[in-house]
**Student:** 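Okay, handing you the structure first.
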Amino acid sequence: MNVIEINQLTKYYGKHRGIENVSFSVEEGEIFGFIGPNGAGKSTTIRALLSLIHPTSGSATIFGKDCIKYGNEIRRDIGYLPSEVFYYEHMKVREVLNYSASFYDNVDYTRIQSLAEVMDLDLNKRIDDLSYGNKKKVGIIQGLLHEPRLIILDEPTGGLDPLMQQKFFELIRMENQKGATVLFSSHILSEVQKLCSRVAIIKDGTIVRVENIRDMQKHNYKKFTLDYRGVIDVHHFNLEGVTNLTVDESTLHFLFKGDINRMVERLQGQNLINLLVEEPSLEEIFMHYYQKEDQP
Amino acid sequence: MNVFKKEMKANIKSLIIWCCAQVFIIFAGMMKYQGFADSQVDVNALFAAFPEEIMVVFGIGSVDITKVAGFYSVFFLYFMLLAAIHAVMFGAVVVSKEERDHCADFIYTKPVRRFQVISPKLLAGVINILIFNMVTFAASVFFIAQHNDGDGLIDKVSLTMLALFILQLFFLALGALFGSLLKNTKQATAAASGLVMGFFILSVAVDLYDKLSFLKIFTPFKYFEGATLMINDQLSFNSAAILLIVSLVFFGLTFVAFNRRDLST
């Protein structure tokens, strides 16, 4: 069964494009990634799903019900974490969470305490005294408090330190194992790859494609930066899978896709000061993969 | 209920400040009355020497302000102005504050329809203006009694407060409509307070120039007159009916407009 079904969803803000003909569906029980650069339309899509904004055309259903028409019923079972977390600043964390819980029936209030412990959050602090990361934690707890069947996360990891990200991912996996479906929007490919089974890629307001994460991993680009002690032998890296090769004084940059062992072999014997292997940004991947493949 | 409680709590401080200001105005105003009464000067003759324009702007028309009811009736203009600003601001802010504070995503993703959020907010508004009205009433009766041998003129003041409450309702609805139609709180409060000033200037202009009297239906400040209420004990039924109906329409439009609104983050 599909928990979310989006059908030709379009949103224009006046003449300004938000999203155009976005369609995809999310199956029950999966963690679905929604990935695209900033400004591509991820938040617009999500905000339309939550009926915070009204689509210009097209439709979307959640749990088989129309998002706008039955928004209030649907939202009973949705936990949402916005990308920018803001709350009533003069309230205490506990007050905000109690207030949030008061909108749902049958909320287990002891969950506030237990979730706060997992996320290491002080419930007695005032919202305006919290750091950005701690506000995000309030958002996470607020989103998971009522044990929603669908969890919608809009760029959830920004502001969380790596340890917290890890805990957060565990929390999401746990909720998922208990049966929750997850829609996870991000502009960081690696975190989506870690968590998700399928992913929709959005760019300039339209869906570029929907893929299995396994297929995507075939396109697993790594970004290499090599600092040379001596002269750079550019031709040494003239092998299959290397793209975007640039030389910048004594530094060599390139993207590599393929068997990592071949690259490790190739690196032997090179006289380096430093070597950096990174996850390329989504923009870089778009430039070297999606753009090329989508052009006829 | 939760939204209502939260809104009452959020506004309690500002309500107390407004009420204190109002009590002080009534207290200080009635002190002046004592000054007039004690001075043995023919105040009416004194004011008769003033240019009419000035008297109109200060709301001192043709009433006998050496009598306590007449003196108090002059206050009505200031009550209207203060109460209008209080109510219109409340209305404009209460429906748009979540967007201003960037927490619209919080409350409008809860399993409630938008009217279920807006209604308790507006109810909190009605209770707030009612409290403001009751405090005005209590302070008025108390301070009038001090200067009127213990007679607080409860009947006359009650009628005046009823008129004031109808005006407050109208301005609350007007503010809410602005809040739901305009892009953000800033625009809504600016437009709303601008309109209140516009209404006020129009009401003064109508008093100054007889030729403009046909314009008085366009300013709520001319719907009730302090003197009519305090001296003749009359509240215009037509004025009350029109204001109440318009208020209801504005409240209705607020719901419609807010429901269609694209909420900003």
Side-chain angles (χ1 to χ4, degrees), chain A residues 11-14 18 43-44 46-56 67-91 95-107 127-128 135 138-139 142-143 145-146 148 150 152 154-155, chain B residues 1-17 90 93-121 123-124 179-187 254-265:
Chain A
K11 175 67 186 174
Y12 271 85
Y13 297 101
S43 292
T44 301
I46 287 174
R47 294 173 67 74
L49 287 177
L50 292 160
S51 61
L52 287 167
I53 55 174
H54 300 265
T56 312
C67 274
I68 300 287
K69 225 170 160 185
Y70 300 100
N72 60 323
E73 288 174 39
I74 293 166
R75 288 194 295 268
R76 250 178 243 158
D77 292 309
I78 297 181
Y80 166 60
L81 174 63
S83 55
E84 300 282 329
V85 277
F86 290 102
Y87 297 104
Y88 303 91
E89 302 222 313
H90 51 277
M91 285 168 93
E95 288 173 327
V96 167
L97 293 174
N98 280 332
Y99 186 43
S100 177
S102 72
F103 286 92
Y104 302 92
D105 304 326
N106 312 319
V107 174
I127 294 288
D128 41 5
K135 274 189 200 164
V138 180
Q142 177 271 132
L145 200 53
H146 52 287
L150 170 64
I152 298 180
D154 195 358
E155 309 259 359
Chain B
M1 204 55 193
N2 45 6
V3 178
F4 173 74
K5 268 192 210 151
K6 159 135 202 328
E7 222 45 79
M8 287 304 287
K9 220 175 148 189
N11 283 292
I12 188 99
K13 251 188 218 160
S14 99
L15 180 64
I16 290 172
I17 293 170
F90 194 108
V93 172
V94 81
V95 297
S96 63
K97 68 200 277 188
E98 268 81 12
E99 287 178 88
R100 177 194 66 190
D101 299 339
H102 309 286
C103 37
D105 278 16
F106 173 82
I107 197 157
Y108 296 107
T109 55
K110 298 285 177 258
V112 285
R113 293 180 188 279
R114 288 188 187 175
F115 81 85
Q116 289 170 302
V117 178
I118 293 298
S119 318
K121 276 169 170 283
L123 180 64
S180 64
L181 281 176
L182 294 176
K183 211 171 149 207
N184 53 41
T185 308
K186 227 179 184 174
Q187 282 188 10
T254 300
F255 285 110
V256 174
F258 200 83
N259 217 19
R260 291 192 184 159
R261 195 176 169 84
D262 280 342
L263 297 169
S264 55
T265 45

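Just so it is clear, the structure is predicted and the values come from calculations on it, not from any experiment. Convention: sequence-line order gives letters A, B, ...; per-chain numbering from 1.
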**Student:** For B:Lys97, is it the side chain, the backbone, both, or neither that has a heavy atom closer than 4.5 Å to a heavy atom of chain A?
**Tutor:** neither

**Student:** For the backbone of B:Asp262 and the side chain of A:Arg47, can you confirm whether one donor and one acceptor N or O come within less than 3.5 Å of each other?
**Tutor:** no

**Student:** Atom CE in A:Met91, atom NZ in B:Lys9: separation rounded to 0.5 Å?
**Tutor:**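 If we round to the nearest 0.5 Å, A:Met91:CE and B:Lys9:NZ are 6.5 Å apart.
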
**Student:** With a 4.5 angstrom heavy-atom cut-off, is it the side chain or the backbone of A:Phe103 that approaches chain B, or both, or neither?
**Tutor:**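 Both parts, backbone and side chain.
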
**Student:** Does A:Tyr70, at its OH atom, have more than 12 non-hydrogen atoms belonging to other residues, nucleotides or ligands within less than 6.0 Å?
**Tutor:** no

**Student:** Non-hydrogen atoms of chain B under 4.5 Å away: do they reach the side chain of A:Ser51, the backbone, both or neither?
**Tutor:** backbone

**Student:** For A:His90, which residues count as a ring-ring contact (aromatic ring centres under 6.0 Å, His included) partner, sequence neighbours excluded?
**Tutor:** none

**Student:** Using a heavy-atom distance cut-off of less than 4.5 Å, which residues of residues 106-114 of chain B contact chain A?
**Tutor:**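 From residues 106-114 of chain B, the residues near chain A are B:Phe106, B:Ile107, B:Tyr108, B:Thr109, B:Lys110, B:Pro111, B:Val112, B:Arg113, B:Arg114.
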
**Student:** Considering all heavy atoms of both residues, which atom of B:Asp105 and which atom of A:Tyr80 are nearest to each other, and what is their separation?
**Tutor:**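 Nearest heavy atoms, B:Asp105 then A:Tyr80: OD2-OH, 3.0 Å.
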
